[in-house]
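Every value quoted in this text rests on a predicted model; they were computed, and no experiment measured them. Letters A, B, ... mirror the listed sequences (proteins, then strands); counts begin at 1.
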Amino acid sequence: MTAPTKPTIPAQADAAETVGDDLHAPVIDWFEEHARDLPWRRPDAGPWGVMVSEFMLQQTPVSRVLPVYEQWMARWPRPADLAEDTPGEAVRAWGRLGYPRRALRLHGAAVAITERHDGDVPTEHAQLLALPGIGEYTAAAVASFAYGQRHTVLDTNVRRVFARAVTGVQYPPNATTAAERKLARTLLPDDERTAALWAAASMELGALVCTAKNETCVRCPIAALCTWRLAGKPAHDGPPRRGQTYAGTDRQVRGRLLAVLREAVTPVPQSVLDRVWEEPVQRARALDGLVADGLVEPLVGGLYRLPHG
DNA sequence: AATACGTGGCC
DNA sequence: TGGCCAAGTAT
C-alpha cells in the first residue's frame, strides 16, 4: 500500500543529521585521549572477554566488575570452559556482583555457544540476541565492541548524552522510546569503523563526563554544541524516575539466602536458611523463587545447594 | 507497559 | 541518612 501522507520528519531528527557530523570527531578524539584502560578493551580480551564484561556491567559499576572479571576470565578463558562447569559454580564465582540470574544466563549462553556456534561467540546481531541474557543493548555492544560492526549501542550513558546534547533535556525517558532509537540511528556514522568508535566513545562520555549527577561540562568535548547546556541546563520536569526499593523486599531475602549458599561447600539444611529472615511466608516465597529461577537446587531431606545441572 | 531482579558507594 | 545511581533483561 502507498502512504498517502508522509509523516513529517521531526525537526529534531532533521537537525540531528547535521549535528551528528559536528559531534563525531570531537567525541571520538576525546575518547582516544581519555578512554579508560579497561581489560575488556585490550586486544587480547577477545569476543568472549567483551561478552563477559557486558554481562557483568549490566546495572553494575566498573569498579565492582573489575576483580570478578579477572578471576572469571582466568578460570574460564573460553565459552566451552564455562560450559563444562556447573551453573552453580558460575553463580558462586559471580560473588556479590548482584542480579545473580546474570551468572546463570551467562553460563547458559556459554553452553549455547558451545553447542550451536562451535565454541565461538557469534558475530551476528540476531545470533547474539538469541542467547540467554542478551538483549538489544548487549547484542549491539558485543557486535560493535568485539567485531567492529555498525550498530546503535543505546545504553543509559548514550541515552543521557543524546538527551542532553541533542534533545536538550536533563534525562532520557524512563524506558527507551522509538524516538530515541531513531535519533541513535540518525547519529550513527555511516562508516563501520567510525560507527564502532562512536558507540564506545559516546558511552564513555556519558560514563565519565556527562554523568547523571555532577556532570562536568568543562571537560566535555561537545559542550559548545550541547542543547541542554546552551538552554541553561533546565531541570528534569516530567514524572519522577522510579526509584528501586530494596529494604524489606523479596530481593533482599533472596540475596541473603543465596549468600549463604554461595559460601557453603556442602548442601545447606533448610534450618540454616531459615535463619536469614524472620518472617516465614516471605522467606519461603523467596526460596521458592530462587528454585523456580534455577538459582537454587533442592535436594531430598530438606537440603539446598547451588545448581549442578 | 510495568515490574521484578542485588549490591554497594556516594553526597 | 537515605534516596539515587551503576554498560539491562525477561516477562
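Closest non-hydrogen pair, A:Pro79 versus A:Trp48, comes out as CG-CE3, 3.6 Å.
Under the side chain to side chain donor-acceptor pair (under 3.5 Å) criterion, A:Arg75 pairs with A:Glu89, not counting sequence neighbours. A:Arg102 pairs by the side chain to side chain donor-acceptor pair (under 3.5 Å) definition with A:Thr60, not counting sequence neighbours. Qualifying ring pair (Phe, Tyr, Trp, His ring centres under 6.0 Å) partners for A:Trp72, counting only residues two or more places apart in sequence or in other chains: A:Trp76, A:Trp94. Looking at residues two or more places apart in sequence or on another chain, you find a side chain to side chain contact (heavy atoms under 4.5 Å, CB included) between A:Leu299 and A:Pro267, A:Glu297, A:Leu303, A:Arg305.
Hydrophobic cluster membership for A:Val281: none, as no Ile, Leu, Val, Met, Phe, Trp or Tyr side chain comes under 4.5 Å of it. Clustering of Ile, Leu, Val, Met, Phe, Trp and Tyr side chains at separations under 4.5 Å places A:Val272 together with A:Val91, A:Leu104, A:Val253, A:Leu257, A:Leu258, A:Val260, A:Leu261, A:Val268, A:Leu273, A:Val276, A:Trp277, A:Leu287, A:Leu290, A:Val291, A:Leu295, A:Val296, A:Tyr304, A:Leu306.
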Nucleotides 6-11 of chain B: protein proximity per nucleotide (B base, S sugar-phosphate only, - neither; heavy atom, under 4.0 Å): BBS---
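The interatomic distance linking A:Leu106 (CG) with C:dT9 (C1') rounds to 13 Å, in whole Å.
Sorted by residue number, the members of residues 23-54 of chain A with any non-hydrogen atom under 4.0 Å from DNA chain C read A:Arg36, A:Leu38, A:Trp40, A:Arg41, A:Glu54. Residues from residues 267-280 of chain A that place a heavy atom under 4.0 Å from any atom of DNA chain C: there are none. Taking a 4.0 Å limit (strictly below) on heavy-atom distances, residues 134-147 of chain A reaches DNA chain C at A:Ile134, A:Gly135, A:Glu136, A:Tyr137, A:Thr138.
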Apply the test side-chain contact (heavy atoms from CB on, under 4.5 Å) to residues A:Arg164 and A:Thr227: give CA-CA distance (whole Å), side-chain angles for both, the deciding distance (0.1 Å), then the verdict. CA-CA 6 Å; A:Arg164 291 175 182 172; A:Thr227 307; over 6 Å; no
Under 3.5 Å, sequence neighbours excluded: what are the donor-acceptor pairs made by side chains of residues 124-135 of chain A?
unit_1   : atom_1 : unit_2   : atom_2 : d
A:His125 : NE2    : A:Glu136 : OE2    : 3.4
A:Gln127 : OE1    : A:Glu124 : N      : 3.4

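Across all strands shown, A:Val65 has no heavy atoms under 4.0 Å from either base or sugar-phosphate atoms. The residue A:Tyr171 sits close only to the backbone: its heavy atoms come under 4.0 Å of sugar-phosphate atoms, none of a base.
Within the structure, every pair that satisfies the ring pair (Phe, Tyr, Trp, His ring centres under 6.0 Å) test and touches residues 188-238 of chain A, not counting sequence neighbours, is listed here: A:His24-A:Trp198, A:Tyr171-A:His236.
We find that A:Arg285 and A:Asp288 are not joined by a salt bridge, their nearest charged nitrogen and carboxylate oxygen being 4.0 Å or further apart. By the 4.0 Å N-to-carboxylate-O rule, A:Arg283 lies too far from A:Glu278 to be salt-bridged with it.
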